[in-house]
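One structure is given here, and the rest of the page talks about it.
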Amino acid sequence: MTRYIFITGGVVSSLGKGLAAAALGALLQTRGYSVRLRKLDPYINVDPGTMSPIQHGEVYVTDDGAETDLDLGHYERFTGVAARRSDNVTTGRIYSDVIARERRGDYLGATVQVIPHVTDAIKAFITADLDGEDFVLCEIGGTVGDIEGLPFLEAIRQLGNEVGPARALFVHCTLLPYLGASKELKTKPTQHSVKELLTVGIQAGLILCRSEQPIPDDQRRKIALFCNVPYDRVIPALDATTIYDVPGQYHEAGFDDQVLEYFAIADPPPAKLDGWRRIVHRQVAPEGEVSIAIVGKYTQFIDSYKSLSEALTHGGIANNVRVRLNWVDSGIFDDEEPNLALGEANGILVPGGFGERGTEGMIRAIRFARERKVPFFGICFGMQMAVIEAARTLCALDGAGSTEFGACDHPVVGLLTEWTRGNVREQRAADGDLGGTMRLGAYPARLAADSRVRAIYHAADEIGERHRHRYEVNINYRDRLEAAGLKVTGLSPDGTLPEIVERHDHPWFVGVQFHPELKSKPFDPHPLFADFIRAAVEQSRLV
Ligand code: GLN
């Protein structure tokens with residue numbers, strides 16, 4: 001029997017609803033239950049793919065090629081359940097589907113309305129493509145009271161009624177602001193937010209109270225009384241030292257126990273937190289420290305590289321070191337050498353990105369890493385920039401560049417308009433739509449026999465990693481790049497697309513066209529990140 005847990009947020013945004021959902025999913029899993037996590041986003045974009053990462057954070061890509069909200073990254077990192085296209089939907093997607101159906105005549109002459117047509121489409125989404133999981137956790141983006149969230153709240157209200165309270169729980173996540181002047185936590189915003197939810201017919205069954213300070217008992221009782229929930233279901237959710245401590249901390253606060261009690265599940269298996277405790281222990285009491293410089297374009301907004309910073313942390317967990325992240329705006333090297341800013345780095349990483357701004361700085365940073373023999377990891381755009389650097393500096397191809405920035409003499413990185421997925425040929429028009437048209441999702445790559453990456457991937461011949469890019473390293477330059485020491489050691493199975501490059505005259509220099517950070521987990525660090533950090537630890541011993 002599948003039970004639904006709907007997670008809404010109130011008072012302010014950025015409360016950590018996504019983490020709370022992920023943590024609850026992980027806690028239920030440690031008790032042996034199967035879970036699925038989904039996110040409903042009320043914004044009008046069909047997906048977040050066309051949004052700037054500094055607007056809405058990273059775009060998380062699933063194996064099946066969907067561009068989704070970054071919360072799906074948390075879900076996958078905490079539960080290990082691979083996110084799918086069917087786990088994230090937006091108002092834009094719902095409406096475009098409803099309108100397409102209307103145009104086809106599927107509504108048989110009816111007036112198409114928010115209730116029931118849009119709400120039916122939302123409910124159909126929530127209940128589709130499930131595998132009989134014990135719990136489906138469904139997070140509603142935004143904050144209660146937002147105009148665009150109303151159809152989603154109405155849909156979950158209806159669904160809650162249809163399956164009945166025994167199979168549906170509404171968790172509301174709020175903030176208790178702390179007033180320094182009077183030294184007290186305030187419950188009124190929570191009361192208002194729960195009332196706001198009531199006006200759309202939803203009674204919160206459990207309130208998760210985010211707070212920077214311990215919540216006094218009388219405040220908890222007050223919330224219980226005014227918000228019409230049992231005292232034990234007002235759960236204090238205090239800030240955690242690391243996000244991987246959230247499952248343990250919320251468990252201590254009674255979150256999963258109360259969820260199971262709500263569903264009247266008698267004698268549930270106990271939560272097993274050893275694994276999470278080990279991860280937290282490694283994070284808070286590591287044996288050493290390395291510093292990694294991330295030279296990118298969106299460094300002013302940390303959420304734009306969410307999976308990346310997590311994957312680096314996982315690499316630290318694998319090596320029992322703390323990874324200090326030094327976010328460097330590549331633009332600062334556009335006109336100056338990076339010596340000073342990167343001098344302390346034990347590893348340099350150039351991540352994904354779009355557009356020309358800041359690329360000369362990335363190229364300078366890569367040259368620095370190559371010449372000074374600092375471990376270098378180039379991801380997607382970072383690999384493309386490493387290829388341009390080698391072409392210009394080592395192959396004497398002065399006009400080497402990417403056609404992403406316009407025509408150039410040597411397009412060592414070029415627009416991809418045709419590629420193969422399994423047996424299917426995918427094609428794109430050069431001037432087509434921007435949304436959802438990149439090379440997206442998991443693709444296999446073959447690894448060269450004598451390569452560093454093959455050893456890193458535990459001698460695998462073929463790997464599968466997730467992609468999100470429109471441009472690709474131009475295979476026609478392979479011989480010239482290899483003669484200059486930049487070896488192509490990973491290729492698409494048809495041999496046309498360079499997926500990995502590496503140098504053998506350097507302690508650790510790897511560029512990958514895909515995004516390995518998307519698949520890294522705290523309990524299963526990605527081998528490339530684990531090995532990059534290992535190399536950074538070695539480098540730190542040299543200096
Ligand atoms: N802008 C590059 C491309 O489209 C790289 C994209 C990325 O780093 N994800 O190919």
Side-chain angles (χ1 to χ4, degrees), residues 13-14 18 41 43 45 47-61 67-74 77 88 141 243 291-315 323-336 338 341-342 345 347-366 368-369 376-386 388-389 402 404-405 413 434-436 438-440 466-471 511-520 526 529 532:
S13 57
S14 308
D41 275 311
Y43 53 71
N45 304 56
D47 60 45
T50 54
M51 275 193 249
S52 161
I54 41 185
Q55 271 270 313
H56 201 73
E58 157 189 278
V59 174
Y60 190 77
V61 181
E67 296 178 286
T68 70
D69 186 78
L70 56 72
D71 276 330
L72 273 79
H74 289 310
R77 279 189 287 278
N88 187 204
I243 58 169
S291 167
I292 302 294
I294 300 157
V295 185
K297 307 182 59 163
Y298 317 118
T299 48
Q300 72 271 43
F301 186 50
I302 248 54
D303 267 2
S304 41
Y305 299 114
K306 195 76 216 156
S307 295
L308 181 66
S309 57
E310 291 310 315
L312 286 163
T313 302
H314 305 160
V323 180
R324 207 153 30 85
L325 303 181
N326 178 17
W327 301 95
V328 184
D329 179 355
S330 60
I332 66 170
F333 307 140
D334 274 350
D335 313 298
E336 66 179 74
L342 299 184
I348 295 173
L349 191 150
V350 176
F354 294 83
E356 190 168 14
R357 180 182 62 79
T359 53
E360 290 306 318
M362 291 179 191
I363 291 169
R364 278 210 169 87
I366 293 166
F368 178 93
F376 168 76
F377 197 2
I379 294 182
C380 204
F381 208 44
M383 161 173 168
Q384 297 174 359
M385 295 307 116
I388 294 174
E389 193 279 322
S402 166
E404 182 171 356
F405 320 137
V413 179
L434 287 184
M438 280 186 261
R439 184 176 176 224
L440 288 165
R466 297 180 193 167
H467 291 245
R468 179 173 189 251
H469 53 101
R470 214 178 291 285
Y471 298 83
V512 296
Q513 187 56 73
F514 43 83
H515 288 276
E517 70 272 25
L518 300 174
K519 288 188 21 176
S520 188
H526 192 287
F529 283 91
F532 175 55

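Just so it is clear, the structure is predicted and the values come from calculations on it, not from any experiment.
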Side chain D329, main chain G331, donor-acceptor under 3.5 Å:
yes
Rounded to the nearest 0.5 Å, the NZ atom of K297 sits from the OG atom of S304 at a distance of 11.5 Å
Is there a donor-acceptor pair under 3.5 Å between the side chain of T299 and the backbone N or O of W327?
no
What is the ring orientation for F381 with F405, classed by angle as parallel under 30°, tilted 30 to 60°, or perpendicular over 60°?
perpendicular
To the nearest 0.5 Å, what is the distance between CG (L72) and CG (L518)?
11.5 Å
Taking C-beta and beyond as the side chain, do F377 and P516 meet within less than 4.5 Å on heavy atoms?
yes
Any T313 side-chain heavy atom under 4.5 Å of V323 side chain
no
So, does Y305 use its side chain to make a donor-acceptor pair with the main chain of Y298 at under 3.5 Å?
yes
Backbone N/O of G355 and side chain of E404: donor-acceptor pair under 3.5 Å
yes
Rounded distance [0.5 Å steps], NZ in K519 versus NE2 in H515:
13.5 Å
Residues L342 and A293: closest non-hydrogen pair is CD2-CB, 3.6 Å
Do side-chain atoms of D334 reach the backbone of G361 as a donor and acceptor pair under 3.5 angstrom?
yes
Return the minimal non-hydrogen interatomic distance between P48 and E67, and the atom names on each side.
CD-O, 3.1 Å
So which heavy atom on D71 is nearest to which on G18, and how close?
OD1-CA, 3.5 Å
Mind listing the closest non-hydrogen atom pair of G382 and F376 along with its distance?
O-CZ, 4.0 Å
With a 3.5 Å distance limit and no angle check, can you tell me whether S520 reaches the backbone of H526 through a side-chain donor-acceptor pair?
yes
Taking every non-hydrogen atom, the tightest pair across G57 and F301:
N-CE2, 3.5 Å
M51 side chain near N45 side chain, heavy-atom distance below 4.5 Å
yes
Kindly say whether Y471 contributes a backbone atom to a donor-acceptor pair with the side chain of Q384 at under 3.5 angstrom?
yes
Would a 4.5 Å heavy-atom cut-off, applied to side chains only, mark E58 and S307 as touching?
yes
Separation between CD1 of I302 and CG of L325, rounded to the nearest 0.5 Å
8.0 Å
SG/C380 to CD/E517 distance, rounded to the nearest 0.5 angstrom?
8.5 Å
Between the main-chain N or O of G49 and the side-chain N or O of R468, is there a donor-acceptor pair closer than 3.5 Å?
yes
Would you call the rings of H467 and H469 parallel, tilted or perpendicular, taking 30° and 60° as the class edges?
tilted
Do E310 and H74 touch side chain to side chain, with heavy atoms closer than 4.5 Å?
no
N88 side chain to D69 main-chain N or O, any donor-acceptor pair under 3.5 Å?
yes
I need the E389 CD to M385 CE distance, nearest 0.5 Å.
11.5 Å
Here the pair of heavy atoms bringing L308 nearest to P351 is CD2-CB, 3.6 Å
Distance alone, cut at 3.5 Å: any donor-acceptor contact between the side chains of Y60 and R466?
yes
Do L349 and L312 come close enough that some side-chain heavy atom pair is under 4.5 Å?
yes
